[in-house]
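Each remark here refers to the structure printed beneath this line.
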Amino acid sequence: MAGYRIGGLLALSIATLALTDQALAQMPTAIAAPGQPAVVTLHATGAQIYDCKAGKDGKLIWVFREPIATLILDGKTDGRHYAGPTWEHIDGSEVTGKVAATATANDIPWLKLDVVGRRGNGTLADVTTVQRINTNGGVLAGACDQEGGLRSVPYSADYVFLRPGG
């Protein structure tokens, strides 16, 4: 029986490594963060907000304004995401990021953001990089016909919060 348990654990370990390697293989090189372990991954559901503004040519276009989303972990609200871009954890820790790299997707792009501001001593205190992956929705299509108009487009994504390795 002990041999069966050891064999089962070995098979489970190999399967876990294979899944990890597969997940890493799917991460676009542009937003990869090798050597940076994840602190937490939070699922976001919310909206991307757009403004109707005049473009350089004077024609009205939709311009991204800000995100607004609830951050969820294990089915429970664990924080919020808003303009900055800022992620605020329920424990009071908070990080603000600046886009460092993008990867195209069918929906809003996947992103790698460098943390440029922080507050608090909780879960996000040591985070230096944020990745936005597994995006769904958030892209605004259609005409913009009244300057100052706002549109909200539903989206979801996973945010991976990373810290320095070692």
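For the numbers below, each heavy atom of this structure counts, side chains included, while hydrogens, waters and symmetry mates do not.
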Considering all heavy atoms of both residues, which atom of [X] and which atom of [Y] are nearest to each other, and what is their separation?
{"X": "Arg80", "Y": "Leu71", "value": "O-CD1, 3.5 Å"}
{"X": "Ala33", "Y": "Leu162", "value": "CB-CD1, 3.6 Å"}
{"X": "Tyr155", "Y": "Ala69", "value": "OH-CB, 3.6 Å"}
{"X": "Asp114", "Y": "Ala100", "value": "OD2-CB, 3.4 Å"}

Straight-line distance of Glu66 CD to Ser152 OG, nearest 0.5 Å | 10.0 Å
Between atom OG1 of Thr123 and atom CD of Glu94, what is the distance when rounded to the nearest 0.5 Å?
-> 13.0 Å
Would you say [X] and [Y] make side-chain contact, with heavy atoms under 4.5 Å?
{"X": "Pro67", "Y": "Tyr82", "answer": "no"}
{"X": "Val130", "Y": "Val160", "answer": "no"}
{"X": "Pro37", "Y": "Arg163", "answer": "yes"}
{"X": "Pro109", "Y": "Thr104", "answer": "no"}
{"X": "Val40", "Y": "Leu73", "answer": "yes"}
{"X": "Glu88", "Y": "Arg119", "answer": "yes"}
{"X": "Leu60", "Y": "Cys52", "answer": "yes"}

Might you confirm whether atom [atom1] of [X] has over 12 heavy atoms from other residues, nucleotides or ligands at distances under 6.0 Å?
{"X": "Asp91", "atom1": "CG", "result": "yes"}
{"X": "Leu140", "atom1": "CG", "result": "yes"}
{"X": "Asp78", "atom1": "CG", "result": "yes"}
{"X": "Asp74", "atom1": "CG", "result": "no"}

Under the side-chain contact (heavy atoms from CB on, under 4.5 Å) rule, what do Thr102 and Trp110 come out as? Steps first, then yes or no, please.
-> CA-CA 6 Å; Thr102 64; Trp110 289 22; over 6 Å; no
Hey, quick one: are [X] and [Y] part of the same hydrophobic cluster, counting side-chain heavy atoms closer than 4.5 Å, chains of contacts allowed?
{"X": "Val99", "Y": "Ile108", "result": "yes"}
{"X": "Leu111", "Y": "Val139", "result": "yes"}
{"X": "Val39", "Y": "Val95", "result": "yes"}

Please check if any side-chain donor atom of Thr70 sits under 3.5 Å from a side-chain acceptor atom of Thr77, or the reverse.
-> no
Only one of Ile133, Leu42, Ile72 clears side-chain contact (heavy atoms from CB on, under 4.5 Å) with Asp158; which?
-> Ile133
Start with the C-alpha gap between Ile61 and Cys144, add the side-chain angles, then the distance that decides, and say whether side-chain contact (heavy atoms from CB on, under 4.5 Å) holds.
-> CA-CA 6 Å; Ile61 58 172; Cys144 168; 5.7 Å; no
What residues form a ring pair (Phe, Tyr, Trp, His ring centres under 6.0 Å) with His81, not counting sequence neighbours?
-> Trp87, Tyr159
Results of ring pair (Phe, Tyr, Trp, His ring centres under 6.0 Å) for Tyr50 - residues two or more places apart only = Phe64
Main-chain N/O of [Y] paired with [X] side-chain donor or acceptor, under 3.5 Å:
{"X": "Asp51", "Y": "Lys53", "answer": "no"}
{"X": "Gln131", "Y": "Leu113", "answer": "no"}
{"X": "Ser156", "Y": "Thr45", "answer": "no"}

Just do the side-chain contact (heavy atoms from CB on, under 4.5 Å) check on Arg118 and Leu124 with the steps written out, would you?
-> CA-CA 8 Å; Arg118 67 184 73 253; Leu124 304 179; over 6 Å; no
